[in-house]
Trainee: 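Handing you this structure, nothing more for now.
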Amino acid sequence: MSRYDPASIEPKWQAAWEQAGTFRAEIVPDRPKYYVLEMFPYPSGRIHIGHVRNYTMGDVIARHRKANGFNVLHPMGFDAFGMPAENAAMASGGHPKDWTYGNIDTMVGQMKPLGFGLDWSRMFATCDEDYYGQQQALFLDFLEKGLVYRKNAVVNWDPVDMTVLANEQVIDGKGWRSGAPVERRELTQWFFRISDYSEELLSALDALDDWPAKVKLMQANWIGKSRGLQMAFGLIDGPEGHDRVDIYTTRPDTLTGASFVGISPDHPLARRLEKDDVELAEFNAECRRMGTSEEEMEKAEKRGYDTGLRVRHPFDTAWELPVFVANFILMDYGTGAIFGCPAHDQRDLDFARKYDLPVRSVFVPAMGEEGTFILPEDGGPAYVPPKPETVRYVAGFAGEEAQTGDAAIDAAIDFCEENAVGQGVTKFRLRDWGLSRQRYWGCPIPVVHCDTCGVVPEKKENLPVALPYDEDGKPIDFSIPGNPLDRHPTWRDCACPACGAPARRETDTMDTFVDSSWYYARFTAPDAGTPTDLKAAEYWMNVDQYIGGIEHAILHLLYSRFFARAMQMTGHLPDKCIEPFDALFTQGMVTHAIYQTRDPQGRPVYHYPEDVTLREGRGYLADGTEVEIIPSAKMSKSKNNVVDPVAIIGTYGADTARWFVLSDSPPERDVEWTAAGAEAAHKHLSRVHRMASEIAGSDAPETAEDEPLLREMHKAIRDVSLGVESFGFNAAIARLYAFTNALGKSRAGAGVKRQAARALAQLMAPMTPHLAEEMWQLLGGEGLVADAPWPVADESMLVEDTVTLPIQVNGKRRGEITVPNDAPKEEVEKAVLAHEAVVRALEGGAPKKLIVVPGRIVNVVV
RNA sequence: GCCCGCGUGGUGGAAUGGUAGACACAGGGGACUUAAAAUCCCCAGGCUUCGGCCGUGCCGGUUCGAGUCCGGCCGCGGGUACCA
């Protein structure tokens, strides 16, 4: 009998699938299709165990749907543009293109041995000229339809490296390489008009029934629809052209508690005032030195600058309020100006206490709800109850005295509109999507700047506008600061597409989120001469099951939803594709301990897991140095805590790796990689292989044990099918362990055992496809198990004759009874009351209540 | 800061509002073996006066019954618009 040897059986079956074209996806008009897609990887250099988990999940779904008769599309590609390639070129020389394609080769070579049922013929990388050329064509069509425009926006500027920094490259307000304080700089940049679709992207979430509720909630909050009031506060003796400050508020019911007006440092009034006020100019400059991220803005200490100017309250012209410039007010949201009501906003209260501004409550808890309430003006915290809660308005001006915040807001808006002091408006938090990046390794924005014609779209026949590889005859040198496209000796030079005069190319490239916003559509026709092929899109779209990390819950998924709409509008997708992902599953991340030591400066130094030896919960380097272990950390290239699956496959085989990543945790939750788990998985698969070999060689006659095994088989078919369909992979695997144990113990005859073992092979096939093929062949299965129809449970074999009911007394388990499956309720009650533990508890009396949940449980209340 | 999750034995985890801890890992005991490896079998939440009692991050609530639903905390994670 042969041992389980994945190193020989895995390549054998991979070759068999390859030769048979098992996973080639071809359009077959009459067959139902199923499109499974996992978020494609960034080519970081090597695959990690997170990829294995993610793609194994997709493969389980794909193989299961194929077995259920669907024509399955399951493609793979690479999200290949982005900063790491440029960072690598800067850090260790070389060219981003060579680095990226080298990584892709490596990763494909690492993925193929995993035996995923992928149609590799459709593979592309977003940095392929063919792909980004088609993306440029999309951009031009979007431009023509007015879906793209230019405006100014701020970026993080590193004055030493002379480059724009990403938010993650700004650390404590300083550039990550240069250490120089970061400045905010305004540049003219391209934007997609995603905010035009705010309402649509919000309301369409309702129909996404097979998306996780949490993702829809996150998107809804991100889009942030709010009904509020816009109104003007008259400015007293303001500079020329500034006679009012327009504010936006979602709490107009608190207008009578206003104690100041705050404006953003980027507000036109602030910009005007700083010209004559050195101190304010310094304050604003300091605000602008902050990073551009929302997190940083919000976490920063709330600071303000009293402009000395005053405004009149719209309700009472005698009531004057000071105007502050405040660092926490965003120019991008609302009007860039607010009124502060310290009593009902903690941030405003902190601000008021800092700058000694008045605090005046507008409402207090409802009668009888006061409890230990302390007024904010008496030192209590800001009183901010949920809007649906009823409160008592002590300084109300519209509606009832006792009313909910929601009702008060409506009444306040009505009041302001009737008195012509304000206007009810709906606003969204969602901003337009800035797509310009001042970097080399991205899709060039296909426009030309002409001195006479201005900004001119490139002609489609001139696409792709390809990235230059060389500079002065040599590969571009990334050790020189600045954008290589900007400084390239010839690349920028071109003829104006409109007038033919010498002109300059746009040197900005596109955000890599653009690349990933339509790749799912390109997979349906990866070689088309246009971005999509409508016939192929019509057949394959939408993605039936999309699988990816929760970290993409908002940006990637929202951008893709926008892009699908924009592509539909420009004729690149059929109408039915505006929501491209029918079902979404967000898998958890794979975590792994971080091993770190410190350099002489106290900065962390991260070590690869393979360089660390674990002994009794502590970790040591080869030279004996102990490392600090930070458990369950997100895997990150920069932290060197990425597990390498190649070694796992080499030791145990792909099926073991696949089995383990599914078995150890529920798929939506994070999983911590452990070496012991892989060892255990391998032992189990060896055992299954051994059992299959034994059963294949047995000729034991049929026995009385045949039927119990068949019952177990049908129950396993039912439970595993359900598990696979509902992403309960770990539960399905637990069930397969139990079924394997039952098969191992069974004394059934060879015929029934073979039947059960073939079912086991089929049920395991989505997870461990190579082993399953081997078993299938040993056990006399016909053809490939990958092509075999999914087994169906026989309902009649699932029905049990008797059922065991636990008996509770006052909700606590005290015993159990076994009754016939179809016993009438009266009979069950009689049996329960006769039970020893119940008799003892009743002490001769009658139960207060007797609850019988048929087939489930009995509860006696005494 | 704000938005969204998650929290169950030594460990990973199971459990349509209905027997908490399935299935595994690590551990203990046994069989086989000259011995070891491999394999197979058994035990296993804590406490206990052996009647039971306590247990799903903490506090409270709803319910005949709560890991599950509701409210309030604590801890950890994801996102926070230029990481992908």
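The shown structure was predicted, so the numbers you read here are calculated from the model rather than taken from an experiment. So you know, we letter chains A, B, ... as the sequences are listed, proteins then strands, and number each from 1.
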Trainee: What nucleic acid atoms does A/Gln219 come within less than 4.0 Å of, heavy atoms only: base, sugar-phosphate, or nothing?
Mentor: nothing
Trainee: Give me the stems containing RNA chain B, sorted by first residue, counting only three or more consecutive Watson-Crick or G-U pairs with both distances under 3.5 Å; say none if there aren't any.
Mentor: B:1-7 with B:74-80, B:10-12 with B:23-25, B:27-31 with B:39-43, B:45-47 with B:52-54, B:57-61 with B:69-73
Trainee: If you measure from the Lys or Arg side-chain nitrogens to the Asp or Glu carboxylate oxygens, is any gap between A/Glu836 and A/Arg840 under 4.0 Å?
Mentor: yes
Trainee: What is the per-nucleotide protein-contact pattern of nucleotides 17-33 of chain B, from the 5' end, where B denotes a base atom under 4.0 Å from a protein heavy atom, S denotes such proximity for sugar-phosphate atoms only, and - denotes neither?
Mentor: -BB--BSSS--------
Trainee: Scan residues 845-862 of chain A for pairs that pass side chain to side chain donor-acceptor pair (under 3.5 Å), counting only residues two or more places apart or in two chains.
Mentor: none
Trainee: Could you give the side-chain donor-acceptor pairs of residues 806-814 of chain A under 3.5 Å, partners two or more places apart or in another chain?
Mentor:
| residue | atom | partner | partner atom | Å |
| --- | --- | --- | --- | --- |
| A/Asn810 | OD1 | A/Val862 | N | 3.1 |
| A/Arg813 | NH2 | A/Glu816 | OE1 | 2.8 |

Trainee: Angle between ring planes, A/Phe192 versus A/Phe563, binned at 30° and 60°: parallel, tilted or perpendicular?
Mentor: perpendicular
Trainee: Can you tell which of B/C6, B/C82, B/C3 lies closest to the side chain of A/Val164?
Mentor: B/C82
Trainee: Hey, is A/Glu186 close enough to A/Arg288 for a salt bridge, meaning N to O under 4.0 Å?
Mentor: no
Trainee: Taking for each residue the nucleotide of RNA chain B with the nearest heavy atom, is it A/His552 or A/Glu298 whose nucleotide lies nearer the 5' end?
Mentor: A/Glu298
Trainee: Using a 4.0 Å cut-off on protein heavy atoms (strictly under), produce a 5'-to-3' string for nucleotides 42-57 of chain B with B for base contact, S for backbone-only sugar-phosphate contact, and - for none.
Mentor: ---------SSSS---
Trainee: Using a cut-off of 4.0 Å on non-hydrogen atoms, how would the nucleic acid contact of A/Lys214 be classed: base, sugar-phosphate, or nothing?
Mentor: sugar-phosphate
Trainee: Which glycosidic conformation, syn or anti, is assigned to B/G9 if syn requires a torsion within 90° of zero?
Mentor: syn
Trainee: Look at all strands and tell whether A/Leu430 reaches a base, only sugar-phosphate, or nothing, counting heavy atoms closer than 4.0 Å.
Mentor: base
Trainee: Taking only side-chain nitrogens and oxygens of A/Ser293, does any of them come within less than 4.0 Å of OP1 or OP2 of B/U80?
Mentor: no
Trainee: Rounded to the Å, how far apart are A/Tyr4 OH and B/U39 C1'?
Mentor: 18 Å
Trainee: Classify the nucleic acid contact of A/Pro41 as base, sugar-phosphate or nothing, counting any heavy atom under 4.0 Å across all strands shown.
Mentor: nothing
Trainee: So, A/Asp161 side chain and A/Thr163 main chain: donor-acceptor pair closer than 3.5 Å or not?
Mentor: no
Trainee: So what does A/Val215 touch, heavy atoms closer than 4.0 Å: a base, only the sugar-phosphate, or nothing?
Mentor: nothing
Trainee: Quick check: on RNA chain B, is the nucleotide nearest A/Val860 upstream (toward 5') of the one nearest A/Phe81, or the reverse? Name the residue that is more 5'.
Mentor: A/Val860
Trainee: With a 4.0 Å limit, can you tell me whether A/Arg431 has a side-chain N or O closer than that to the phosphate oxygens OP1/OP2 of B/A81?
Mentor: no
Trainee: Any side-chain N or O of A/Arg429 under 4.0 Å from OP1/OP2 of B/A81?
Mentor: no
Trainee: When all nucleic acid strands are considered with a 4.0 Å heavy-atom cut-off, which category describes A/Ser663: base, sugar-phosphate, or nothing?
Mentor: nothing
Trainee: What's the closest nucleotide to the A/Asp511 side chain, out of B/C64, B/G78, B/C82?
Mentor: B/C82
Trainee: Side chains of A/Glu679 and A/Tyr652: is there a donor and an acceptor less than 3.5 Å apart?
Mentor: yes
Trainee: Take nucleotides 68-75 of chain B nucleotide by nucleotide from the 5' end and write B, S or -, depending on whether a protein heavy atom sits under 4.0 Å from the base, only from the sugar-phosphate, or from neither.
Mentor: --------
Trainee: Any ion pair linking A/Glu294 and A/Lys299 (charged N to carboxylate O, less than 4.0 Å)?
Mentor: no
Trainee: Among B/C40, B/C83, B/C82, find the nucleotide with the atom closest to the side chain of A/Arg690.
Mentor: B/C40
